[in-house]
Chemist: 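My questions all concern the structure below.
The basis for the numbers below is simple: all heavy atoms, side chains too, and nothing from hydrogens, waters or symmetry mates. All chains are named by letter (A, B, ...) in the order of the sequence lines, taking the proteins before the strands, and each is independently numbered beginning at 1.
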Protein chains: 2
Amino acid sequence: MGFEKSITDCNVLHEDIVELVRKDMPEESIFFDLADLYTIFGDSTRVRILWALDIHDMCVCDIAVLLNLTKSAVSHQLRILRQANLVKPRREGKVVFYTLADEHVKAIFEKGMEHIYE
Amino acid sequence: MGFEKSITDCNVLHEDIVELVRKDMPEESIFFDLADLYTIFGDSTRVRILWALDIHDMCVCDIAVLLNLTKSAVSHQLRILRQANLVKPRREGKVVFYTLADEHVKAIFEKGMEHIYE
DNA sequence: ATAACAGTTGAGCAATTGTTCAACTGTTAT
DNA sequence: ATAACAGTTGAACAATTGCTCAACTGTTAT
């Protein structure tokens, strides 16, 4: 088991605190997954799409009109939301409806709103 | 009161749905604020800093050692977290300790984790 | 068949972002 | 004074991101 090269340009000042925190920290990959999820919420277009879908299922054209975007722009964002398992497509003839695929989305919004308005 | 130029390259397909959703949608600036907040959570370094501070207050050097980063990199990220009112600094001599400034942070993490592990 | 339309996709561009580097404060000890 | 060290800051660079444009599917109607 090797040690990774140290990048830091300073020394530990409170070894006890660092060890305490290090013990309780999850492994690094969890933080990447968490950050990846929040990156998706970090765009106002995607947030508006998710918010809209939480009110009612919608097709690409309706979303585009609602948010005043091209259907291409909407489709690109929907692909990102699809890959993150946040929305699910459902084809009906020529039209593709998108549905919110996760009940946690609203809870995440609510916690965010609580921070903003305090 | 004028109408903004339309960008969309398609027409409404379900006017009733669009109107229903439009009625319940908050104004645009709220989505920018929400997205800005999640952008901050959208970086694994910042998430790890916040997680660490939730366990215990820490100074810049300790964070740098814990996460194997330069103190400059840590300081830059702490500035972003400070400006978003997510952490607060407290100077003690040469050392600056940072504290989590918001109880919602943990709740936001928890909701994110719930989505990842389902 | 073929036209019309909803939706998708890849390349490319402008804007944004995280880190590094180097120079700079602020506080403590000699 | 001045050296030492914790921390901050601005410029610069590489990498990423959101949108546009144009070309492409897939389904329905003529």
Side-chain angles (χ1 to χ4, degrees), chain A residues 5-14 17-18 31-32 35-36 38-50 57-84 87-99, chain B residues 5-14 17-18 31-32 35-49 57-84 87-99:
Chain A
K5 204 195 291 181
S6 190
I7 297 284
T8 318
D9 56 351
C10 55
N11 297 318
V12 196
L13 298 186
H14 313 85
I17 294 178
V18 174
F31 292 114
F32 279 101
D36 282 350
Y38 291 123
T39 298
I40 291 169
F41 284 84
D43 176 75
S44 64
T45 299
R46 283 192 294 268
V47 171
R48 288 195 296 164
I49 291 174
L50 290 171
D57 295 5
M58 293 183 89
C59 69
V60 179
C61 265
D62 288 345
I63 297 173
V65 172
L66 176 72
L67 306 182
N68 197 35
L69 296 165
T70 61
K71 51 192 179 150
S72 174
V74 172
S75 189
H76 277 300
Q77 299 294 14
L78 285 169
R79 181 176 49 81
I80 294 171
L81 295 173
R82 237 187 292 131
Q83 288 171 346
V87 303
K88 273 211 287 268
R90 176 182 83 246
R91 185 176 267 275
E92 286 185 16
K94 285 192 289 189
V95 179
V96 177
F97 284 94
Y98 278 85
T99 315
Chain B
K5 204 194 291 182
S6 191
I7 297 284
T8 317
D9 56 350
C10 56
N11 297 318
V12 195
L13 297 186
H14 313 85
I17 294 178
V18 174
F31 293 114
F32 279 100
D36 282 350
L37 175 64
Y38 291 123
T39 297
I40 291 169
F41 285 84
D43 175 73
S44 64
T45 297
R46 284 191 293 269
V47 171
R48 289 195 296 164
I49 291 174
D57 296 4
M58 293 184 90
C59 68
V60 179
C61 265
D62 288 345
I63 297 173
V65 172
L66 175 72
L67 307 182
N68 197 34
L69 297 166
T70 61
K71 51 193 178 147
S72 174
V74 172
S75 189
H76 277 299
Q77 299 294 14
L78 285 170
R79 181 177 48 80
I80 293 171
L81 296 174
R82 237 186 293 131
Q83 288 171 346
V87 303
K88 271 210 287 270
R90 175 182 84 248
R91 184 177 267 276
E92 286 184 16
K94 286 192 291 189
V95 179
V96 177
F97 284 94
Y98 278 87
T99 315

Chemist: For A:Asp57 and A:Thr99, which I'm curious about, is there any donor-acceptor pair between the side chains at under 3.5 Å?
Modeler: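 Judged by distance alone, the side chains do pair up.
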Chemist: Looking only at heavy atoms, which two atoms of A:Val87 and A:Arg82 are closest? And how far apart?
Modeler: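 A:Val87 and A:Arg82 have their closest heavy atoms at CG2-N, 3.7 Å.
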Chemist: What is the distance, to the nearest angstrom, from the CZ atom on A:Arg79 to the P atom on C:dG10?
Modeler: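 The distance from CZ of A:Arg79 to P of C:dG10 comes to 8 Å, rounded to the nearest Å.
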Chemist: Considering every strand and a 4.0 Å limit on heavy-atom distances, what is the contact class for B:Tyr98: base, sugar-phosphate, or nothing?
Modeler: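 Touches sugar-phosphate only.
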Chemist: Are side-chain heavy atoms of A:Thr70 and B:Thr8 found at a separation under 4.5 Å?
Modeler: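 A side-chain contact is absent here, since even the closest heavy-atom pair is not under 4.5 Å.
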Chemist: Send over the distance from A:Gln83 CD to D:dT17 P, rounded to a whole Å.
Modeler: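 My rounded result for the distance is 12 Å.
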Chemist: Using a 4.0 Å heavy-atom cut-off across all strands, classify A:Leu78 as base, sugar-phosphate, or nothing.
Modeler: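 Nothing, no nucleic acid heavy atom in range.
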Chemist: Can you check the B:Phe97 CZ to D:dT8 P distance for me, whole Å?
Modeler: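 Nearest whole value for this atom pair: 13 Å.
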Chemist: Centroid distance below 5.5 Å plus an interplanar angle below 30 degrees: do B:His76 and C:dT19 meet both conditions?
Modeler: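 No, B:His76 does not stack on the base of C:dT19.
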Chemist: I would like to know whether B:Leu69 and B:Gln77 meet side chain to side chain contact (heavy atoms under 4.5 Å, CB included); could you show each step before the answer?
Modeler: CA-CA 11 Å; B:Leu69 297 166; B:Gln77 299 294 14; over 6 Å; no
Chemist: Please check the phosphate of C:dT17 (OP1 and OP2 only) for any side-chain N or O of B:Gln77 closer than 4.0 Å.
Modeler: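 False: B:Gln77 side-chain N/O out of range (4.0 Å or more) of C:dT17 OP1/OP2.
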Chemist: Using whole Å, report how far CZ of A:Arg90 lies from P of C:dA6.
Modeler: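 A:Arg90 atom CZ is separated from C:dA6 atom P by 17 Å.
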Chemist: Is the phosphate of C:dG7 approached by A:Ser75 (side-chain N or O, under 4.0 Å from OP1 or OP2)?
Modeler: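 A:Ser75 to C:dG7 OP1/OP2: no side-chain N or O under 4.0 Å.
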Chemist: Whole angstrom is fine here: how far is it from NZ in A:Lys94 over to P in C:dA4?
Modeler: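 It is 11 Å, rounded to the nearest whole Å.
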Chemist: Check the distance between D:dG18's P and A:Lys71's NZ and give it to me in whole angstrom.
Modeler: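 Value for this atom pair: 22 Å.
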Chemist: Report the distance from atom CD1 of A:Ile63 to atom C1' of D:dG18, rounded to the nearest whole Å.
Modeler: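 Computing the A:Ile63:CD1 to D:dG18:C1' distance gives 17 Å.
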Chemist: How many Å lie between NZ on B:Lys88 and C1' on D:dG7, as a whole number?
Modeler: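 Rounded to whole Å, this separation is 20 Å.
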Chemist: Using a heavy-atom distance cut-off of less than 4.0 Å, which residues of residues 38-46 of chain A contact DNA chain D?
Modeler: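 Of all residues in residues 38-46 of chain A, the ones placing a heavy atom under 4.0 Å from DNA chain D are A:Asp43, A:Thr45, A:Arg46.
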Chemist: So that I can compare with my own list, what are the stems of DNA chain D, taken as at least three consecutive Watson-Crick or G-U pairs with distances under 3.5 Å?
Modeler: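 DNA chain D forms these stems: C:1-30 with D:1-30.
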